[in-house]
There are 2 protein chains.
Amino acid sequence: MRKKVLDVAEEAFQARGYHASSMGDLMATAGVTGGALHHHFPTKKALALAVIEERVAAAVEETWIAPMRMAPSAREGVRSVFAAVAAELEQQGFVRGCPLNNLAHELSLADPDFRIALAGIFSTWRQAIADKISADQQAGRELGADPQRFAALAVASYSGAMSMAKTAQDASVLRDCLMALEQGVMSSKAGTRRRSRILHRAL
Amino acid sequence: MRKKVLDVAEEAFQARGYHASSMGDLMATAGVTGGALHHHFPTKKALALAVIEERVAAAVEETWIAPMRMAPSAREGVRSVFAAVAAELEQQGFVRGCPLNNLAHELSLADPDFRIALAGIFSTWRQAIADKISADQQAGRELGADPQRFAALAVASYSGAMSMAKTAQDASVLRDCLMALEQGVMSSKAGTRRRSRILHRAL
DNA sequence: TGTAAAACAGGATGACTGTCCTGTTTTGGA
DNA sequence: TCCAAAACAGGACAGTCATCCTGTTTTACA
């Protein structure tokens with residue numbers, strides 16, 4: 001029952017957003033009564049918090065972190081995730097966007113509890129990529145860039161590309177971004193120490 | 001009066017979102033009566049559409065497109081915009097996010113009219129960057145990457161970085177992304193034909 | 001079997017929502 | 001000056017919202 005409610009809420013928050021999803025709709029589509037819902041989740045906020053912590057975090061883990069751990073390298077991991085998501089989106093024909101980003105935009109400023117929960121997911125996501133890059137470097141493999149910075153760029157470009165894909169209802173921008181990353185950042189000979197230091201001072 | 005309503009609506013949609021902003025609140029803070037508001041904007045949707053077309057588009061033009069046109073090169077333009085936004089956010093102490101992305105996430109799936117209006121802004125934004133890159137290339141300047149792809153990456157990484165910054169309430173991720181871009185994509189010797197072709201086939 | 005707690009049913013409630021309607025005032029052109 | 005149209009005032013309207021309440025059923029354990 002609790003699981004059923006979470007399933008419906010996850011789907012609804014993803015498809016229509018938090019504010020646009022009414023408790024009445026959730027009750028109806030989940031087939032639960034008001035009392036039952038109120039028993040497991042006293043408030044709408046509690047329900048959303050559970051969705052974030054139990055479902056959104058799991059989705060990021062499944063889509064990004066686990067594939068990243070299993071990939072032969074950070075570069076291959078990023079490439080395979082981008083490609084897999086793009087393929088999946090094109091197959092299903094429409095783009096609902098990234099669950100984390102969808103909720104992050106709507107709820108980050110609405111409530112501090114939401115914001116902290118969402119920020120934590122972003123943080124572990126970025127850290128997982130950074131760890132993989134560090135592991136690559138210690139194993140003597142390429143990618144001379146700073147792990148934290150490249151991880152930030154990977155997360156940001158994916159998130160932004162999903163935003164654009166959702167708005168355009170076209171996943172091809174994901175491939176464009178991946179190719180731009182491949183041609184540049186993820187190539188082994190990228191970057192110069194000189195430029196890096198100049199930039200550091202400029203910022 | 002119409003301007004006043006748009007001012008308040010722009011601010012409210014940006015700070016609290018579309019669904020979380022009630023017409024009553026807008027009327028109160030704008031100091032207009034229901035009749036006046038209904039005269040200029042028959043429905044809430046019409047008001048939001050006006051905000052998107054008149055204000056959000058203008059914000060993107062002012063923040064990104066105009067600086068991009070005036071920049072000596074695409075690379076310099078991207079760098080200066082990232083740096084300027086990061087500096088502005090750190091000065092004001094909090095991050096409200098990108099107006100376009102905020103509304104895009106909430107409204108893209110809610111209504112086709114919203115989605116098309118927002119997609120158009122994304123498109124002109126991306127095209128402005130791509131045009132600048134093409135101009136650079138025709139002027140014999142560096143940046144061998146595909147203009148459309150790099151433009152997509154610039155928009156996506158900025159949008160995603162703003163999402164992360166908004167969620168973390170910390171603008172430093174913008175600098176991280178810019179540095180990663182600088183070290184990789186925006187360096188003149190980036191990328192290899194070989195890898196590029198392999199990738200093309202894989203996707 | 002007995003019993004206390006958890007799980008659930010189903011509706012009541014009051015606040016709030018977006019929209020629209022009927023008047024009144026202001027404006028701009030003839 | 002006259003008049004039609006635009007601009008605005010102020011509130012009514014029906015509907016929806018999240019929350020909470022009082023009972024009833026099921027479960028878990030002794």
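Note: hydrogens, waters and symmetry copies are ignored here, and every other heavy atom, side chains too, is used. Lettering follows sequence order; numbering is per chain, from 1.
Taking atom NE2 of His40(B) as the reference point, atom P of dC20(C) lies 17 Å away to the nearest angstrom. If you take CG of Leu26(B) and C1' of dC16(C), they are 14 Å apart, rounded to a whole angstrom. One can place NZ of Lys45(A) at 15 Å from C1' of dT19(D), the figure rounded to the nearest angstrom. In this structure, Phe13(B) atom CZ and dG18(C) atom C1' are separated by 12 Å, rounded to whole Å. Leu37(A) has its CG atom 16 Å from the C1' atom of dC21(D), to the nearest Å. Here dA7(C) presents its P atom at 11 Å from CZ of Phe41(A), a figure rounded to the nearest Å. Rounded to whole angstrom, the span from the NE2 atom of His19(A) across to the P atom of dC16(C) amounts to 15 Å. In this structure, Leu47(A) atom CG and dA18(D) atom P are separated by 11 Å, rounded to whole Å.
If you check every strand for non-hydrogen atoms under 4.0 Å, Thr33(B) touches a base.
A salt bridge links Asp7(A) to Arg55(A): at least one charged side-chain nitrogen sits closer than 4.0 Å to a carboxylate oxygen. Of the charged side-chain nitrogens involved, none lies within less than 4.0 Å of a carboxylate oxygen, so that Glu182(B) and Arg149(A) do not count as a salt-bridged pair. Between Arg69(A) and Glu61(A), at least one side-chain nitrogen of the basic residue sits less than 4.0 Å from a carboxylate oxygen of the acidic one, meeting the salt-bridge criterion.
Closest approach to the Ala36(B) side chain among dT19(D), dC8(D), dA7(C) is made by dC8(D) (side chain taken as heavy atoms from C-beta onward). Candidate nucleotides dA7(C), dG18(C), dT17(C) were compared by shortest atom distance to the side chain of Asp25(B), and dT17(C) ranks first. When the nucleotides dA9(D), dA18(D), dC8(C) are ranked by their closest atom to the side chain of Met1(B), dA9(D) comes out on top.
With a 6.0 Å cutoff to the six-membered ring centre and a 45° limit on the axis angle, Lys44(B) counts as a cation-pi contact of Tyr18(B).
Counting only distance, with no hydrogens or angles, the side chain of Gln169(B) and the backbone of Leu109(A) share no donor-acceptor pair below 3.5 Å.
Toward the 5′ end of DNA chain D lies the nearest nucleotide of Arg2(B), the other residue of the pair Arg2(B) and Met27(B) mapping further downstream.
For the OP1/OP2 pair of dC16(C) and a distance below 4.0 Å, the side-chain nitrogens and oxygens of Ser22(B) include no atom meeting the criterion. For His38(B) and dT19(C), the shortest distance from a side-chain N or O to OP1 or OP2 is not below 4.0 Å. The shortest distance between the side-chain N/O atoms of His39(B) and the OP1/OP2 oxygens of dA9(D) is not below 4.0 Å.
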